[in-house]
Number of protein chains: 2
Amino acid sequence: MSRIAGPKGLRTAAAIRRAGLKLIYRHGFGAMSLRDLASEVGIQASSLYNHIRTKQDLLFDLIREHMEALLAQTDAALAAAPDTATDRLRTFVRHHIVYHLEKKQDVFIANFELRSLDAPHYATIVAMRRAYEGKLMAVLDAGVATGEFDIHDTRITAYSILAMLTGVCTWYKPEGRLSKAEIVDLHTRMVLHGCIAQREHALP
Amino acid sequence: MSRIAGPKGLRTAAAIRRAGLKLIYRHGFGAMSLRDLASEVGIQASSLYNHIRTKQDLLFDLIREHMEALLAQTDAALAAAPDTATDRLRTFVRHHIVYHLEKKQDVFIANFELRSLDAPHYATIVAMRRAYEGKLMAVLDAGVATGEFDIHDTRITAYSILAMLTGVCTWYKPEGRLSKAEIVDLHTRMVLHGCIAQREHALP
DNA sequence: ACAAAACGAACGGCCGATCGTTTGTAAACC
DNA sequence: GGTTTACAAACGATCGGCCGTTCGTTTTGT
């Protein structure tokens, strides 16, 4: 039988992806040359083409795989969550922060290198992002329906929550003052205060 | 006596900055060539050098001028605000959103092209951003001191608020469903709910 | 042996930046 | 008030260098 890809090839392909994430995160997609990338992997630039079709396809694959993993893991987390909207929102917040802190590079690239994608690739990723936003909006809508949440605009609230939570990636340092658990608690508290029906204050 | 700069030169310099903002916002700093920029302005690439020192200096100037304007206008807005921490926070939120929506391009560039700056320029901008974060932290601290706010970590709360508010820039369209005033109200409500001392809920 | 994978040279093309020159125009002078 | 002068500003050619990609060849591993 013939191999489809040798074991060495699979390791190289993985190394290219790892190095790609690192260099794109550090310098930007446009500023990363394939010669830099190959050098980081330890091969020649021309050898990259045994594993990728074009530079643009590499970027698209990195972002697509990130979005697929995010969607799948979010589904898994929500499937294991309790039934009340408040608990499901708690689960969403915790999962979003934990996942995003573990994959800072992927998240940054998926959010800010979209403009380097051509139109069809761009549309694909935007659709996946819409799907992710939809998962949070479904949680919020459910809470509004049961009266747990008091939300004036589900879509904008979802955008705001996601922006706030994803913003953690821009300042988090593993050796920093706060643990991941503390960061999760702090943001969970803030999100819930912003969503849960308030019985007294009339704001603003 | 000799002129320092002719009127034609000032207009060209302004046109270069305007075109620079547009092209960097659209394609990224690394992907914007000086030939593209010159073409957008209507001159030859070499003529750019009558107005800028290097491509890098152009980026730095654009970001620095944006930050200086942001800091100055924020000071002005807060100086005209009432004394209570709640009202000052309201003022900060409104000003931040309105300013950021008016200068979407500047904001995007100042936030996501920092990595294209060399070390000294980068440090300068980061210091200005720290100063801006400090202004919000001062409002939050004042509210905590008077008992108006219940905040577990002023710095992280400030980061979260800023991430949430700045996130509006990524989806806002002038022709969209919501007016600027509605967006400001919605976010003001969310921020205040997250900060104002709650007398009932024990969360999370 | 055979295919996967790495190699190294080469392609055309665009990059940021520099140079000496020309052009336009406002101020200085007669 | 026309002429001269001085300089900002635009020009066009050009520099060395790096870009993404291709190709034919060689090495590697089973």
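The figures here come from the full heavy-atom set of this structure, side chains too, leaving out hydrogens, waters and symmetry mates.
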Aromatic ring pairing B:His66/B:His100, orientation class (parallel under 30°, perpendicular over 60°, tilted between) | perpendicular
Ignoring hydrogens and angles, tell me if any N or O in the side chain of A:Glu40 forms a donor-acceptor pair with the backbone of A:Ala19 under 3.5 Å.
-> no
Rounded to whole angstroms, how far apart are CE on B:Met32 and P on C:dC15?
-> 11 Å
Between CZ of B:Arg53 and P of C:dG16 the distance, given in whole Å, is 16 Å
Is the cationic atom of B:Lys55 (NZ for Lys, CZ for Arg) positioned less than 6.0 Å from the six-membered ring centroid of B:Phe60 and within 45 degrees of its normal?
-> no
A:Thr74, A:Thr91, A:Thr166 screened by side-chain contact (heavy atoms from CB on, under 4.5 Å) with A:His96, the one that passes = A:Thr166
With a 4.5 Å limit on heavy-atom distance, are the side chains of A:Leu58 and A:Ile52 in contact?
-> yes
Heavy atoms from other residues, nucleotides or ligands near CG of B:Asp83 exceed 12 (cutoff 6.0 Å) | no
Of all of residues 34-50 of chain B, which get a heavy atom below 4.0 angstrom from DNA chain D, listed by number?
-> B:Arg35, B:Ile43, B:Gln44, B:Ser46, B:Ser47, B:Asn50
Phosphate-side-chain proximity, A:His51 and C:dA6, N/O vs OP1/OP2 below 4.0 Å | yes
Nucleotide of D:dT21, D:dA10, C:dA17 approaching B:Lys55 most closely (side-chain heavy atoms) = C:dA17
